[in-house]
Number of protein chains: 2
Amino acid sequence: MNIRSVAQLAGVSISTVSRVINSPESVSEELRERVRKAIEQLGYRPNQIARSLRTGSTKVVGFIIPDITNPAFLLMVKGAEDYLKRKGYMFIVCGTDHNIEEETKLLKTLLSQSVEGIIVTCSGGRNSSFAKVIQNSGVKMVFMDRRYEDIDLPYVGVDNTAGVEKITDFLVKTGHRSFAYLSGERNTSSAKERLRGFMKSMKKHGVEDYQVLYGRFTFESGYELTKKLKKIPDAVVGGNDLVALGAIEALNEMGYHVPDDVSVVGFDDMFYSKYSKPALTTVRQPIYEMGYMAGKVLWQLLSGKNIKKRVTILQTDIVVRETVKERNAPNRGFTEKVEVVL
Amino acid sequence: MNIRSVAQLAGVSISTVSRVINSPESVSEELRERVRKAIEQLGYRPNQIARSLRTGSTKVVGFIIPDITNPAFLLMVKGAEDYLKRKGYMFIVCGTDHNIEEETKLLKTLLSQSVEGIIVTCSGGRNSSFAKVIQNSGVKMVFMDRRYEDIDLPYVGVDNTAGVEKITDFLVKTGHRSFAYLSGERNTSSAKERLRGFMKSMKKHGVEDYQVLYGRFTFESGYELTKKLKKIPDAVVGGNDLVALGAIEALNEMGYHVPDDVSVVGFDDMFYSKYSKPALTTVRQPIYEMGYMAGKVLWQLLSGKNIKKRVTILQTDIVVRETVKERNAPNRGFTEKVEVVL
DNA sequence: TTGTAAGCGTTATCAG
DNA sequence: CTGATAACGCTTACAA
């Protein structure tokens, strides 16, 4: 059942059927009606594949994200979809499982599927074959949340540095004097930016009593890193909420009470953080909005407009809940800087 | 840059290039090498669109799920993808936002995108236009987790009834005498099946002191329904983990301690439940496995095999954590059955 | 306003 | 083993 059957049933040529579908106003009312009846009767739907082949426009955009199971990434995706679906686009979303090779492979697959645009949240700190693959492929691309710094593509992200700096400043202001920063994957752009924010705050306030530990962006990593702490500081800053929650768990096991003995903060304000006990003080990222913006930027690219702003940075908010307690801790005299890599 | 450019560069016909790609063994070693060099040199990748148009096989399967942001649905999707990607399939996943009309619309869109198969997790209890749309479309379909009972399609799900029955039995055995069941969307197949499990347990043990309240599958719903409870029972059974967690929050606010005053159980064993305070006792569903099975069933359909088992039901486990306390409560003499609809 | 026909990039059939 | 050519279903000049 194709355009030919419709034409036959309606007693017109296939071009007329095509016109009824694509520019009805250019067809006489009589034929238009006849064709519509035929379409209805047969339950005809145009074959998008053929259409794409002919027009060169697939109306499909692809997403590449590190983990298809992580709600934060999917909220971004939803933001972008909500913008782009009004423009008539369909979506293919692929997860790399944080694997660079998979990322390259998916990129190739999407390209041969002729997607018109791709929104990428990077899986690693570098991907050496990335540039080569997209080179003169004609796809429009945007980085979302994370980017490869050596690749010049529009980027929509969040001010990670300012976010962590802000919440660390808040800790200093509320009387904390010693700190530990629990980082996520140290090669990712977001981990680097966040750590930078922490360091800026330390410098700015002349704090020397801090530790930096590297692990992953997971609950388990937060838990393990905390157990490796050389001493328990006044405040623990998690690379994200999961890490912070893991830290709280470890702290509890070690007999420390949060926030009475130690304050803990995170980054993300993920769905569950407000329900955790005690509710987590953290940095809220405009995740959905970030995706929405990325969708918008891609749309501009897609419609041939010039992008004036190659980089769009969204700001964050501190959300104060129950894991930070105002204190006036004595300096415990720990000034050594430590790095532990998990 | 297409198959023609490759042919030209290699000095062969386009059929030879096509053969090198699709059945290399049928081409002489010499030409094969020449063509491969040319492909390499140009960075050529076959146009899937054209290929699909010609062969009629797109190698794409679609997913329709109620909420693209819910990790549980995405874990199912991942299960199915993990199975199907080894067979060379790509994926389009669409979320309906629990909206039936959107569901129908997406179905149509997927069909005109010529996906070969669709895995559906239903958004409602009924969708009147569903059957009409897929009628003689030729797509292979499978229901996953939830189904429309009036539509005869293969179904892969979980034994909701047995799961809730099991955990309610457990509550009875541990000395609980009065109960409240907090249901999710009452028209969905899973909500119905779960409630049935609760009722079976009540009947079986001759318990008459129970309340059933209807709301949604959300934290907020659990919270609100709990506040509407006519009396506080020994145990609250949540329609899922979110509902249970909401119930705990409300209970705490109302001055009851879980599990000392009231026991609470959920259903799902979602990611966060093990970290909640106190850690939630719940029913573990084999979510990933369910998706994997659905992928397998769809694959059988796709490869033209006969499906012997139209219905595949996976079993659940109870996971006992900290929200249930063994007790020997006196019957508080509440025998009235109440229904509250949110 | 309508129809004819070319062509999008492949694969498949058929000769050679 | 290789090449010419038709066809997949559609859109779009161009002609009528």
Side-chain angles (χ1 to χ4, degrees), chain A residues 1-36 38-39 42-60 88 90 108-116 137-139, chain B residues 1-36 38-39 42-60 88 90 109 111-116 137-139:
Chain A
M1 192 259 302
N2 53 24
I3 200 173
R4 206 159 274 118
S5 351
V6 178
Q8 210 151 28
L9 180 59
V12 298
S13 74
I14 61 169
S15 12
T16 299
V17 178
S18 178
R19 286 194 194 96
V20 169
I21 292 164
N22 298 297
S23 52
E25 68 285 358
S26 69
V27 177
S28 70
E29 194 164 340
E30 191 204 335
L31 290 196
R32 204 190 307 158
E33 260 330 291
R34 273 207 340 246
V35 170
R36 287 209 165 124
I39 288 179
L42 294 172
Y44 167 75
R45 334 201 78 252
N47 180 325
Q48 277 299 339
I49 301 288
R51 204 178 236 185
S52 299
L53 181 58
R54 178 60 235 240
T55 62
S57 146
T58 53
K59 285 297 196 177
V60 174
M90 282 289 298
K108 288 185 183 166
T109 317
L110 286 180
L111 289 181
S112 71
Q113 285 281 347
S114 310
V115 300
E116 290 179 35
S137 65
V139 257
Chain B
M1 193 260 301
N2 54 25
I3 199 172
R4 205 158 274 117
S5 350
V6 178
Q8 210 150 29
L9 179 60
V12 298
S13 75
I14 61 169
S15 345
T16 299
V17 178
S18 179
R19 285 194 195 98
V20 170
I21 292 165
N22 298 296
S23 53
E25 69 285 357
S26 70
V27 178
S28 70
E29 195 165 339
E30 191 205 335
L31 290 195
R32 206 189 307 157
E33 260 332 288
R34 278 216 325 256
V35 170
R36 287 210 165 122
I39 289 180
L42 295 173
Y44 168 74
R45 333 203 78 251
N47 180 324
Q48 277 299 338
I49 301 287
R51 205 178 234 185
S52 298
L53 179 58
R54 180 60 233 235
T55 62
S57 147
T58 53
K59 286 296 197 180
V60 174
M90 280 289 298
T109 317
L111 290 181
S112 72
Q113 285 282 347
S114 308
V115 300
E116 291 178 36
S137 65
V139 258

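When reading the values below, keep in mind they use all heavy atoms of this one structure, side chains included, and skip hydrogens, waters and symmetry mates. Each chain gets a letter, A, B and so on, in the order its sequence line appears, and its residues count up from 1. Keep in mind it's a predicted model, so treat the numbers as computed, not measured.
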Whole-Å gap separating [atom2] ([N]) and [atom1] ([X]):
| X | N | atom1 | atom2 | result |
| --- | --- | --- | --- | --- |
| B:Leu53 | D:dT11 | CG | P | 12 Å |
| B:Arg54 | C:dT11 | CZ | C1' | 5 Å |
| B:Gln8 | D:dG3 | CD | C1' | 15 Å |
| A:Arg51 | C:dG7 | CZ | P | 22 Å |
| B:Ile3 | D:dA4 | CD1 | C1' | 14 Å |
| A:Ile21 | D:dG9 | CD1 | P | 14 Å |
| B:Arg34 | D:dC1 | CZ | P | 15 Å |
| A:Arg4 | C:dA5 | CZ | C1' | 12 Å |

Assert: residue with more 5' nearest nucleotide on DNA chain C, out of B:Arg19 and B:Arg45, is B:Arg45
Exercise for the section: Would you mind classifying the nucleic acid contact of A:Leu31 as base, sugar-phosphate or nothing, using non-hydrogen atoms under 4.0 angstrom? Expected result: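 Sugar-phosphate, no base atom in range.
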Sugar-phosphate only, base, or nothing, as touched by B:Ser28 at under 4.0 Å among non-hydrogen atoms: sugar-phosphate
[N] phosphate, OP1 or OP2, under 4.0 Å from [X] side-chain N/O:
| X | N | value |
| --- | --- | --- |
| B:Asn47 | C:dT10 | no |
| B:Ser18 | C:dT11 | yes |
| A:Tyr44 | D:dC10 | yes |
| A:Asn2 | D:dG9 | yes |
| A:Thr16 | C:dG3 | yes |

dist B:Arg32:CZ -> B:Arg19:CZ (nearest 0.5 Å) comes out at 13.0 Å
Of C:dT10, C:dG9, C:dA5, the nucleotide closest to the side chain of B:Ile14 is C:dT10
- Task: Give a yes or no on whether the backbone of B:Ile49 and the side-chain of A:Ser114 come within a donor-acceptor separation of less than 3.5 Å.
- Result: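 Checking the backbone N and O of B:Ile49 against the side chain of A:Ser114, no donor-acceptor pair under 3.5 Å is found.
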- Between B:Thr55 and B:Ser57, does any side-chain donor sit less than 3.5 Å from a side-chain acceptor?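 No pair is found: no donor N or O on one side chain lies under 3.5 Å from an acceptor on the other.
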(Q) Return whichever of B:Thr55 or B:Val12 has its heavy-atom-nearest nucleotide of DNA chain D closer to the 5' end. (A)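 Of the two residues, B:Val12 wins.
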* Taking every non-hydrogen atom, the tightest pair across A:Gly11 and A:Arg34 ->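 Answer, listing the atom of A:Gly11 first, then A:Arg34: O-NH2, 3.5 Å.
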Using a cut-off of 6.0 Å, state whether more than 12 heavy atoms not belonging to A:Lys108 lie near its atom NZ.
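No, the 6.0 Å shell around NZ holds no more than 12 heavy atoms from other groups.
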